[in-house]
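Below is one structure; the comments refer to it alone.
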Amino acid sequence: MSQPLTKSSTIPPKRSVSKSSFSLWLSWPLVPALVMFIVFFVIPLVMMLGISFASRDTYGRIAWLWTLSNYERVFDPLYWTLYMRSAVLSVLTTGCCLVLGFPLAYAIARAPAHFQRVLLVLVMIPFWTSFLVRTYAWIFILRTEGLFNTILIKWGILTQPLEILYTNSAVLLGLVYGYLPFMVLPLYVVIERISPVLEEAAYDLYAGKWMMFRRIILPLAKPGIIGGCLLVFVPSLGAFITPYLLGGGKTMMLGTLIQHEFLVIRDWPFGSALSFILMAIVLVVLAGLVKRTSGIAPVA
Amino acid sequence: MKTALKRYRVLLLMLFFFGCQPASEESGTMPSPKPDSSLELSYFTWSDYVDQELLNGFEKKTGISIIVGTFSSNEELLAKVQSGVVGYDVIAPSDYMATLMARQGLLATLDLSRIPNVQHVIDSLKHLPFDPHNQFVIPYLWGTVGIGYDSTIIQTPPTSWEILWDPQYKGKISMLNDQREVFGVALRTMGYSLNATASALIEQAKQKLILQKSLVKAYTSESFDQMLIAGDVVLAHGWGGPIARAMREKPSIQYVVPQEGGTIWTDCLAVLQSSPHKELAMTFINYLLDVDVATATSNRLLFASANQMVKERVKAEVRENSAVYPSEATVQRMEWMTDPGEAIRDYDRAWTELKVH
């Protein structure tokens, strides 16, 4: 394991590396990707930024009267409750994914090599079906006379059907289900590279299981934990399909609000402003994490 | 090195996941516009309204094939047309949306000599306030919004929308996920027009709806028929057509339009100003209104046809189903929805407040 590099030793090699990587960056194989990036990402984003300062006319068209009112509206207390709800749900989703994903990632990483591959494929299999279809499947499982209630009532565990569908619990369940693999994979990558020898050494030095986990596994798995949390938190903050289908339209999340503004109210300027606020939140979270983790050297 | 390879492999796996992740979030599909082929016409319509056999009939008759795209709300239709997506020829907006689109100059003026079947359109639908001379749109299918209910549980047919506020049915009620329709119900129960624009009335309606929210299982415009069939709900606020289809699967489902009245709607056919095949498009509209085609449409889709000769020709079970063909007395107490203009902001705010409550 490499020690964190000191600043003085990183700067000079970094410069020479960045020089050579810059010339590589400009090389022709990158041109298609660069064109794609500019046409399908940068230009639409700039257009949206422009729209977010425009206004909506009576018919729902974009009127090019420059205004800051969309951003003022974004800070309306009404929407703050909605942002808080989205944030709380995303944090809960991330937490559940971490609690469920860590043991799973650990088990996969410590399984015999041939078995590991099978387990990874199993984590991947749900992605072979559309996310939309899988979310619909949850509707059939969770509904009043669905699979879940029918089986539990048959086994005598429940006497009355549990009304889970179209509640916040259903949304949470759907989000955790959808994003769990994004937690498992980065965790697997880091845990797989933690040598079991280190664990043995810890036990030899009279560390208990918990102590070993806290002092050895957890610090070494930190980059994976942060990566996994980001990969779960960011998309669940803007999630649209899951709250829309499993929430029964009873609450609005940030993602459903943006869709509503664009497609129902046809207030593109406000929808764009909301999208930029969402991006700003994500950037702040990212920047915060990068700052916190900048001291950690990549595990080589 | 082995570990390096492994790391690479996992990265590739992750890229693969991201590639697969963005499932289509759009509820509709778009026809791929092909500008040069004069033998293709693209028809952008409700996902409920597609019957391939009828479209094939047009191809057999004229040699012109129809490419179908679908949408699930008027707003989605407008958003796609406004966003500059061209290539659609014929579209099927609802009444109030047709008004909006015509005012924006998106619709082509119709040449009625190419649509002789317009003479069969029911008079009360023909002379709609927004287009009395069928300059831009021709009514196609129409219907009402009411309550679908399971008669094994609710034995006496509901007479008032107030049943949707009955705590006895807590968690067994679904409402449309449509701000205008939902506010329309509340406004009608309070004795106001469903097109109220005064902010005080919208506020009052919101308070009433907040009282109802704990009883509502879901606000949905797509799956209320399925929920009725599955028994998830016993009362569903919804369009007659899907409820009529639910009756076919579960005969105990009934439909009623409460005494206070509600929304009457008609979906129209129109040609987009941007269409390169306007004449062909009008021929297609005429085909859809043809008495035989319209009869088959009504029988299959379970919506009432705007062609007045159709009602007597459809199957008796369709004709007698009030979810498909409302009685004259019912039609009398219905109201057309109109565009609220600037009041849409009040509706929008009230709707968001209801949702976050």
Inset, instruction - Go through the atoms of Arg349(B) and report whether side chain, backbone, both or neither lie under 4.5 Å from a heavy atom of chain A. - result: both

Legend entry - Side chain, backbone, both or neither of Arg61(A) within contact of chain B (heavy atoms, under 4.5 Å): both

Inset, instruction - Would you please classify the geometry between the Tyr83(A) ring and the Trp80(A) ring as parallel, tilted or perpendicular, with 30° and 60° separating the classes? - result: perpendicular

Inset, instruction - Would you mind checking which part of Asn177(B) comes under 4.5 Å of any heavy atom in chain A, side chain (CB onward), backbone (N, CA, C, O), both or neither? - result: side chain

Legend entry - Partner chain A: residue of Lys217(B), Glu342(B), Gln82(B) with the largest heavy-atom pair count (under 4.5 Å): Lys217(B)

Legend entry - Residue part contacting chain B, namely of Arg85(A), when any heavy atom lies under 4.5 Å: side chain

Legend entry - Residue part contacting chain A, namely of Ser223(B), when any heavy atom lies under 4.5 Å: side chain

Inset, instruction - Identify which of Gly341(B), Ala230(B), Gly231(B) forms the greatest number of heavy-atom pairs closer than 4.5 Å to chain A. - result: Ala230(B)

Inset, instruction - Using non-hydrogen atoms and a 4.5 Å limit, figure out which bit of Glu261(A) sits close to chain B: side chain, backbone, both or neither. - result: side chain

Inset, instruction - Indicate yes or no: does Lys172(B) engage Asp150(B) in a salt bridge with an N to O separation below 4.0 Å. - result: no

Legend entry - Min side-chain heavy-atom separation Pro126(A)-Tyr177(A) under 4.5 Å: yes

Legend entry - Heavy-atom pair count under 4.5 Å with chain A, highest-scoring of Thr220(B), Asp339(B), Leu78(B), Ile344(B): Leu78(B)

Legend entry - Salt-bridge present (Arg73(A), Asp267(A); N to O < 4.0 Å): yes

Inset, instruction - Below 4.5 Å from any heavy atom of chain B, which atoms of Thr81(A) appear? Answer side chain, backbone, both or neither. - result: side chain

Inset, instruction - Fit a plane to each ring of Tyr219(B) and Trp351(B), take the angle between them on a 0 to 90° scale, and name the class: parallel (under 30°), tilted (30 to 60°) or perpendicular (over 60°). - result: perpendicular

Inset, instruction - Counting only heavy atoms closer than 4.5 Å, note whether Glu353(B) contacts chain A via side chain, backbone, both or neither. - result: both

Legend entry - Short side-chain donor-acceptor distance under 3.5 Å, Thr144(A) and Glu163(A): yes

Legend entry - Side-chain H-bond candidate by donor/acceptor type, Asn195(B) with Arg180(B), under 3.5 Å: yes

Inset, instruction - Pick whichever of Glu145(A), Lys250(A), Arg56(A), His260(A) has the most heavy-atom pairs under 4.5 Å with chain B. - result: Lys250(A)

Legend entry - Within-4.5 Å side-chain heavy-atom neighbours: His237(B) and Ser174(B): no

